[in-house]
Participant: 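This is the structure I want to talk about, given as structure tokens.
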There are 2 protein chains.
Amino acid sequence: MLQKEVTIYDIAQKLNISSATVSRALNDDPVVSKKTRKRIFDAADEMGYRLNHFARNLRSQKTNIIGVIVPRLNSYFMSAVISGIEQVANSEGYNIIISQSAEQWDKEIANAKTMFNNRVDGLLVSLAYDTKNIAHFEPFFKRNIPVIFFDRVEEHNSSTNVLIDNKRAAYEATKHLIEEGCKRIVHITAIPKRNVYTDRLAGYKLALAEHKIKFKEEYVVISNLGQEDGAKAAEKILHMQPLPDGVFVANDNCAVGCMVALKKAGIRIPQDIAFVGFNNDPVATVVEPNLTTVNYPGYQIGAVAARNLINHLKGAPMYTTDSIILKSELIIRNSSKKSAS
Amino acid sequence: MLQKEVTIYDIAQKLNISSATVSRALNDDPVVSKKTRKRIFDAADEMGYRLNHFARNLRSQKTNIIGVIVPRLNSYFMSAVISGIEQVANSEGYNIIISQSAEQWDKEIANAKTMFNNRVDGLLVSLAYDTKNIAHFEPFFKRNIPVIFFDRVEEHNSSTNVLIDNKRAAYEATKHLIEEGCKRIVHITAIPKRNVYTDRLAGYKLALAEHKIKFKEEYVVISNLGQEDGAKAAEKILHMQPLPDGVFVANDNCAVGCMVALKKAGIRIPQDIAFVGFNNDPVATVVEPNLTTVNYPGYQIGAVAARNLINHLKGAPMYTTDSIILKSELIIRNSSKKSAS
DNA sequence: TTATAGATTGTAACCGATTGCAAATCTTTT
DNA sequence: AAAAGATTTGCAATCGGTTACAATCTATAA
């Protein structure tokens, strides 16, 4: 037996007052006397009243929903990000709806449209591989709906970015390899279209240049950065003459896949080839030797992005922050300790 | 310059027809003539009309939102599940909102309440460790809002469960260890409150019994199943006399943590101790030796659960399915091949 | 030509809240 | 006791759709 929904009208009728007063009381409007206020709350409790968000949203033109668009959900990093977003959003009374672009520009466009039609109050986005421009977010900008990009970002004067200093992190990683004695350093990365990859590539080049090591195009291996792609990259590396003595990979999963394949081929790590990854995925402490990597704090990225978005929604002006750079650091483990071994 | 929202009234006015006709046309009601229909769609496009979900929801009392409550988001398995849910839901025009219980009963109760107040059309739930009963879902049952449990389930006559046959999977896993020659098999698991753990324990016991191996309470190690908990479990194992010769872990992450710690202590795997895990997390192919494990198809679990829920929402009666058991299988890798080594 | 069924469109109530403005009630002051 | 001011409360419009029912139009048959 389905009980009918209780509305403010039912409460009003029962107490013989107007629905306006009930509405005000339930919204803690101080104009309502404590006495009626109490009567209303008691009645609401007793009758099992619950707010109808649609009626409210319809009136207030707000949804209390934050949209999240990510390339993929199935990585440790992204899970951590989402976890951070959810935590903050939830604590502030916002709900999140999530969709995946599967790294495809057109799906991202479709997702953005859906989010727009769902009238999200704000949007958190990590761009797909494929995305050539961000015109599909124009409707949001036009309506002053805040959009924050994280991790995979694009510059836009009416949005904030949340990320780490990829160039510097990559620089540190590469420099570390050089200091461990590496001279022929391969960089495995994705097609450098997105900031995360171009910046890491730039950091890699900078470190080389600073140590007077000539950059070689053939040392940049383009890959999809999955674990299995790491194995494919290993193939390529094994065919290089002379063999590289260090590898900096833009992602731990791929690094690990590559290490496993190289080890199978008899390469010793780090003696023959030293490795540095990126992200500090838990798998870094499982592979042998443990992987030196850049700690990329996913949970915090998500939490900060969400916090910032909500601040905007609550009135903080957009221009106060342009981009937010979180700390990252190199965690040195055995995969790169050439000198000590 | 914020452009104002276009409503069906604007379209109606412009075309000099009634809003009712506009509404019908936009909803593909065949009663509207093709001619007016076309005029309406053209005008809607041109004017940049977008549906107001709240107005519709307010009227139709439907939200097209599916709620998802999970213990944690940060595991590969759960990411895969969410990915599956999102895919199916999206393709059917549903949105999902996600919240985490952080393995706590009270947070789960709060989440359920939020979902209820958000008037989700249906709910997908994986229960927290902690959850002692599912009374907090009664409001859903009472209102005939479908609830589907997956992975961590509880029996209830008005809900469907989606999961694998944990008992059988555990039985196969343990049997495999026995057939590889193990006699003293440890089982690392969580406090057996949830089905997944009790069932796996039962499967473990069954396999032992069937092979006339006496069950020993002290061989069941209770843990939180994180990677670091695996290391703690390794401690305990190292203190056992005589040393066990096989370990069946209820989760790959923990198995891996345990293996790494044991190896550090000089234990050879699988020669001294053979390992079988659970889930087929990607890390299973990174650890050395590669981990034998039960393949638990997360993506499919999510997709099937979502598909089923949506079928219910579209009218399929609830009683047609009571629980859905997906296939799982043992993937044998080197961590358990005692006989071959 | 007219009755009639069938196709199309319009009218208006309804979903459940919010809120500006007016009205009523209660206090305080003279 | 009446006037003025401060508190509370109520009225009614509004948000943007949906849909039962009535009204109108069109085409075909008698």
Side-chain angles (χ1 to χ4, degrees), chain A residues 2-44 47-65 93 116-121 143, chain B residues 2-44 47-65 93 116-121 143:
Chain A
L2 306 180
Q3 60 209 77
K4 265 237 311 290
E5 287 292 343
V6 178
T7 71
I8 54 170
Y9 300 104
D10 300 325
I11 299 179
Q13 189 168 38
K14 169 160 179 177
L15 299 183
N16 232 323
I17 56 182
S18 82
S19 63
T21 303
V22 175
S23 171
R24 284 194 268 260
L26 292 174
N27 285 295
D28 283 329
D29 188 326
V31 84
V32 178
S33 71
K34 299 125 238 88
K35 218 174 69 185
T36 23
R37 194 191 123 93
K38 173 149 178 30
R39 289 176 64 217
I40 290 171
F41 270 87
D42 288 348
M47 303 169 71
Y49 168 80
R50 59 174 183 160
L51 171 68
N52 186 319
H53 289 254
F54 312 125
R56 163 181 285 179
N57 291 340
L58 177 58
R59 196 74 235 285
S60 66
Q61 307 284 33
K62 293 243 162 302
T63 64
N64 265 43
I65 292 179
F116 187 66
N117 288 335
N118 273 294
R119 286 173 161 74
V120 295
D121 285 349
R143 274 206 174 69
Chain B
L2 304 181
Q3 60 209 76
K4 264 240 307 296
E5 287 291 344
V6 177
T7 71
I8 55 170
Y9 299 105
D10 300 325
I11 299 179
Q13 190 168 37
K14 170 158 181 182
L15 299 182
N16 233 320
I17 56 181
S18 82
S19 65
T21 302
V22 176
S23 171
R24 283 194 271 258
L26 293 174
N27 284 293
D28 283 330
D29 189 326
V31 84
V32 178
S33 70
K34 299 123 237 93
K35 217 174 72 186
T36 18
R37 194 191 123 95
K38 173 148 178 36
R39 289 178 62 216
I40 291 171
F41 271 87
D42 288 349
M47 303 169 73
Y49 168 80
R50 60 175 181 159
L51 171 68
N52 187 319
H53 289 253
F54 315 125
R56 163 182 284 180
N57 292 341
L58 177 58
R59 195 72 236 281
S60 66
Q61 308 284 34
K62 293 246 164 297
T63 65
N64 264 43
I65 292 179
F116 187 67
N117 288 335
N118 273 293
R119 286 171 163 76
V120 295
D121 285 348
R143 274 204 173 69

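Proteins come first, then strands; the chains are lettered A, B, ... in the order of their sequence lines, and each starts at number 1. Computed from a prediction, not measured in an experiment: that's the story for all the values here.
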Participant: Are Arg56(A) and Asn64(A) linked by a side-chain donor-acceptor pair shorter than 3.5 Å?
Facilitator: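 No.
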Participant: Of the nucleotides dT18(C), dT9(C), dG17(D), which has the atom closest to the Tyr9(A) side chain?
Facilitator: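 Closest of the options to the side chain of Tyr9(A): dT18(C).
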Participant: Hey, does Phe54(A) reach any base, or is it just sugar-phosphate, or nothing, if we go heavy atoms under 4.0 Å?
Facilitator: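 Result for Phe54(A) = nothing.
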Participant: With a non-hydrogen cut-off below 4.0 angstrom, is Ser23(B) in contact with a base, only sugar-phosphate, or nothing?
Facilitator: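 Ser23(B): base contact, heavy atoms under 4.0 Å.
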Participant: Expressed in angstrom and rounded to an integer, what is the separation of Asn27(B) atom CG from dG16(D) atom P?
Facilitator: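 The distance from CG of Asn27(B) to P of dG16(D) comes to 17 Å, rounded to the nearest Å.
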Participant: Is there a donor-acceptor pair under 3.5 Å between the side chain of Arg119(B) and the backbone N or O of Asn57(B)?
Facilitator: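 Absent.
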Participant: Would you state whether a donor and an acceptor, one from the side chain of Arg24(B) and one from the base of dG10(C), lie under 3.5 Å apart?
Facilitator: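 It does, because a donor-acceptor pair links the side chain of Arg24(B) to the base of dG10(C) below 3.5 Å.
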Participant: Below 4.0 angstrom from OP1 or OP2 of dG16(C), is there any side-chain N or O of Thr7(A)?
Facilitator: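 For dG16(C), OP1/OP2 do not have a side-chain N/O of Thr7(A) under 4.0 Å.
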Participant: Heavy atoms under 4.0 Å, any strand shown: does Val32(A) hit a base, just sugar-phosphate, or nothing?
Facilitator: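 The residue Val32(A) makes sugar-phosphate contact but no base contact.
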Participant: Identify whether the distance between the nearest side-chain nitrogen and carboxylate oxygen of Lys38(A) and Asp42(A) falls below 4.0 Å.
Facilitator: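 Yes, charged N to carboxylate O under 4.0 Å.
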Participant: I'd like to know whether Thr7(B) forms a side-chain contact (heavy atoms from CB on, under 4.5 Å) with Asn52(B), so could you lay out the CA-CA distance, the side-chain angles of the two residues, the decisive distance to 0.1 Å, and finally the verdict.
Facilitator: CA-CA 8 Å; Thr7(B) 71; Asn52(B) 187 319; over 6 Å; no
Participant: Nearest to the side chain of Arg59(B), which nucleotide is it out of dC11(D), dT18(D), dG16(C)?
Facilitator: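 Of the options given, the side chain of Arg59(B) lies nearest dT18(D).
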Participant: So what does Arg50(A) touch, heavy atoms closer than 4.0 Å: a base, only the sugar-phosphate, or nothing?
Facilitator: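 Sugar-phosphate: the residue Arg50(A), judged by heavy atoms under 4.0 Å, touches backbone atoms but no base.
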Participant: Write down the distance between CG (Asn52(B)) and P (dA17(C)), rounded to a whole number of angstrom.
Facilitator: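 Atom-to-atom, Asn52(B) to dA17(C), this comes out as 17 Å.
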Participant: dT9(C), OP1 or OP2 - any side-chain N/O from Thr21(B) closer than 4.0 Å?
Facilitator: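 No, Thr21(B) has no side-chain N/O under 4.0 Å of OP1/OP2 on dT9(C).
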Participant: Under 4.0 Å, counting only non-hydrogen atoms across every strand here, what does Arg37(B) touch: a base, just sugar-phosphate, or nothing?
Facilitator: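 The answer is nothing, as Arg37(B) stays clear of every strand by at least 4.0 Å.
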Participant: From C-beta outward on Leu58(B), which listed nucleotide comes closest to its side chain: dG10(C), dC15(C), dC11(D)?
Facilitator: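 Nearest nucleotide to the side chain: dC15(C).
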Participant: I need the CG-P distance between Leu15(B) and dG10(C), as an integer number of Å.
Facilitator: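 Checked: the CG to P distance equals 10 Å.
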Participant: Can you measure Asp28(A) atom CG to dT18(C) atom C1' for me and round it to whole angstrom units?
Facilitator: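 Rounded to the whole Å, the gap is 15 Å.
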Participant: Please figure out whether Gln61(A) or Ile17(A) has its closest DNA chain D nucleotide nearer the 5' end.
Facilitator: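 Counting from the 5' end, the first nearest nucleotide belongs to Ile17(A).
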Participant: Ignoring hydrogens and geometry, is there a side-chain-to-backbone donor-acceptor pair from Arg37(A) to Val31(A) under 3.5 Å?
Facilitator: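 No, Arg37(A) side chain to Val31(A) backbone: no donor-acceptor pair under 3.5 Å.
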Participant: Look at all strands and tell whether Lys34(B) reaches a base, only sugar-phosphate, or nothing, counting heavy atoms closer than 4.0 Å.
Facilitator: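 Here Lys34(B) touches the backbone only, sparing every base.
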Participant: Would you indicate which nucleotide in dT18(C), dT8(D), dG10(C) comes nearest to any side-chain atom of Val31(A)?
Facilitator: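 Looking only at side-chain atoms, Val31(A) lies closest to dT8(D).
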Participant: Apply side-chain contact (heavy atoms from CB on, under 4.5 Å) to the pair Ile8(B) and Leu26(B), showing each step before the final yes or no.
Facilitator: CA-CA 9 Å; Ile8(B) 55 170; Leu26(B) 293 174; 3.9 Å; yes
Participant: Is any side-chain N or O of Ser33(B) closer than 4.0 Å to OP1 or OP2 of dT9(C)?
Facilitator: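 Affirmative; the distance criterion is met.
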Participant: Could you check how far CG of Asn16(B) sits from P of dT24(D), rounded to whole Å?
Facilitator: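 In whole Å, dT24(D) P lies 17 Å from Asn16(B) CG.
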Participant: Ile8(A) CD1 to dC15(C) C1': how many Å, rounded?
Facilitator: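 From Ile8(A) CD1 to dC15(C) C1': 12 Å.
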Participant: Whole angstrom is fine here: how far is it from CG in Asp29(B) over to C1' in dG17(D)?
Facilitator: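 Rounded to the whole Å, the gap is 14 Å.
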Participant: Measure the distance from CD on Gln13(A) to P on dC11(D) and round it to the nearest whole Å.
Facilitator: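 Computing the Gln13(A):CD to dC11(D):P distance gives 13 Å.
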Participant: Where the side chain of Thr36(B) is defined as all heavy atoms beyond and including C-beta, which of dG10(D), dT8(C), dG16(C) is the nearest nucleotide?
Facilitator: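 Closest nucleotide to the Thr36(B) side chain: dT8(C).
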Participant: If you look at every strand shown and take non-hydrogen atoms under 4.0 Å, does Asn57(B) touch a base, only sugar-phosphate, or nothing?
Facilitator: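 Nothing: the residue Asn57(B), judged by heavy atoms under 4.0 Å, touches no strand.
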